[in-house]
Amino acid sequence: MGLRFIFMLTRNDKTVEDAEQHLITALAAGVHHIGFKDVGLPFERLKQLNEAIKAGGATSYLEVVSLDKESEIASAKAAVEIGVDILLGGTNVDAVLPILSGTEIQYYPFPGKIEGHPSALTGSIDEIVASAVELNSREGVSGLDLLAYRSTENVTGLMAAVCAAVDKPVIMAGSIGSRERIEIVRRSGAAGFTIGTAALDGDYPADSPELETQLRSIQKDVAGVNNHLSPLGPKNLEQSFAGFSETWSPKIAGTINNMQVKLVKLEGEFVWHHHKVEDELFFVHKGKLMMRFRDRDEIIKEGEFIIVPHGVEHCPVALDGVCEVLLLEPSSTLNTGNVRDERTVSDLEYI
Ligand code: NI
């Protein structure tokens, strides 16, 4: 599983007034993890917000803001009543665990000591790691919510040290507003991270400050960091064939594992040959191809393909002028197979 991006419908540690509207945008942009805080909106609206998140197929997160024990207990009770999937934050683990017991809610408390408002993570890396290890050992704790960017310690070192010390997932919270930071979070071994204000305020590097563009840009960066993003765009056959005129000289248009997509222009008759191990697919893009076999001929028209199994002797013939053919075959395939003549091409160009 790749790094998880959790979009927080929050600004300055509060759920935003227009959370419902932003939620629609986030779901439309394909965000699958969406969180809010238990302050900023009345309880009923938070409950409806949670229902809408889940109805949209996303996982819901509630992050606890207040740190005094009584407010934290109230937040945990609210999480149960709202029915969130994951409760993030808080430090009063002993008080919260009994409230969550028997529910399906996953609990990710804060390791270390949290102080002030907006919250800051205090203490040395060693102290925070010790707290993380202790929480990690607790039954009922599903993971940790590390306020990494709210620490005055070396943030990269802190994240890596905490992730190395625990075996439960760690979410990084706070100020992750660029691809560079997402990469650092990924390298630390974290399971996920949150972004709220940066996206809502249009501060994430993107083509526009509009929320949808912001979210799509974050998701693209996350997909890139997760190696889920293909760097390859579409290839147009028409344009690719227009790019060369030589006949009987296949060009490599792409590779798939150890297979190659080749484009070739045929004119007239080729040479009888076979391939010892390679099967070949001929797809006719333009023109008409006759595939001669020792016992019969096959005509392959535009939009049709034929597969020649290895070992079978064949001789392609272009009928009616130039025929444009897409080949799919192992990269080891030599165009003239077992035969070497002036039309053998062993060093193929890429197009
Ligand atoms: Ni062949």
Side-chain angles (χ1 to χ4, degrees), residues 1-3 30 183 186 216 219-351:
M1 188 170 152
L3 192 66
E183 273 168 358
R186 170 70 172 161
R216 288 197 190 276
Q219 283 183 296
K220 194 167 160 240
D221 286 348
V222 171
V225 169
N226 283 337
N227 286 327
H228 292 167
L229 200 64
S230 164
L232 307 173
K235 217 156 207 178
N236 183 288
L237 284 182
E238 207 70 48
Q239 286 169 8
S240 298
F241 275 111
F244 67 99
S245 56
E246 318 94 282
T247 53
W248 302 111
S249 178
K251 315 284 178 209
I252 301 167
T255 56
I256 312 161
N257 292 337
N258 54 354
M259 302 286 285
Q260 284 177 335
V261 176
K262 298 173 185 170
L263 303 184
V264 64
K265 290 188 174 180
L266 313 182
E267 192 171 18
E269 181 163 341
F270 199 46
V271 55
W272 279 98
H273 66 280
H274 72 272
H275 306 271
K276 214 168 162 195
V277 292
E278 296 100 349
D279 300 338
E280 289 189 292
L281 177 145
F282 294 74
F283 169 81
V284 176
H285 173 249
K286 222 167 235 172
K288 196 190 276 180
L289 174 69
M290 176 166 69
M291 190 61 78
R292 303 191 66 192
F293 297 104
R294 287 301 184 186
D295 60 340
R296 68 186 202 284
D297 297 335
E298 294 283 359
I299 304 291
I300 304 104
K301 300 193 288 287
E302 276 183 23
E304 296 181 338
F305 69 84
I306 190 167
I307 292 167
V308 179
H310 62 278
V312 174
E313 266 198 295
H314 56 287
C315 178
V317 182
L319 305 175
D320 314 334
V322 175
C323 179
E324 295 179 352
V325 175
L326 179 149
L327 302 166
L328 182 62
E329 56 193 27
S331 44
S332 58
T333 314
L334 196 62
N335 64 331
T336 50
N338 60 318
V339 175
R340 301 273 168 151
D341 72 0
E342 70 282 356
R343 286 190 283 192
T344 303
V345 186
S346 42
D347 247 337
L348 271 52
E349 276 174 48
Y350 281 82
I351 51 159

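Counting starts at 1 for both ligands and their atoms, following the listed order.
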Residues in side-chain contact (heavy atoms from CB on, under 4.5 Å) contact with Thr344, at least two apart in sequence or another chain
Leu334, Asn335, Thr336, Arg340, Asp341
Validation row: Val308, Phe293 side chains within 4.5 angstrom (heavy atoms)
yes
Can you list, by chain and residue number, the protein N, O or S atoms under 2.8 Å from the Ni ion (ligand 1)?
His273 NE2, His275 NE2, Glu280 OE1, His314 NE2
With no hydrogens and no angle check, is any side-chain donor or acceptor of Glu298 less than 3.5 Å from a backbone partner on Ile306?
no
Only counting residues at least two apart or in another chain, list the ones meeting ring pair (Phe, Tyr, Trp, His ring centres under 6.0 Å) with His314.
His273, His275
Any pair counted as ring pair (Phe, Tyr, Trp, His ring centres under 6.0 Å), so long as it reaches residues 243-267, sequence neighbours left out
Trp248-Phe270
Look up atom CD in Glu183 and atom CG in Asp221, then write down how far apart they are to the nearest 0.5 Å.
8.0 Å
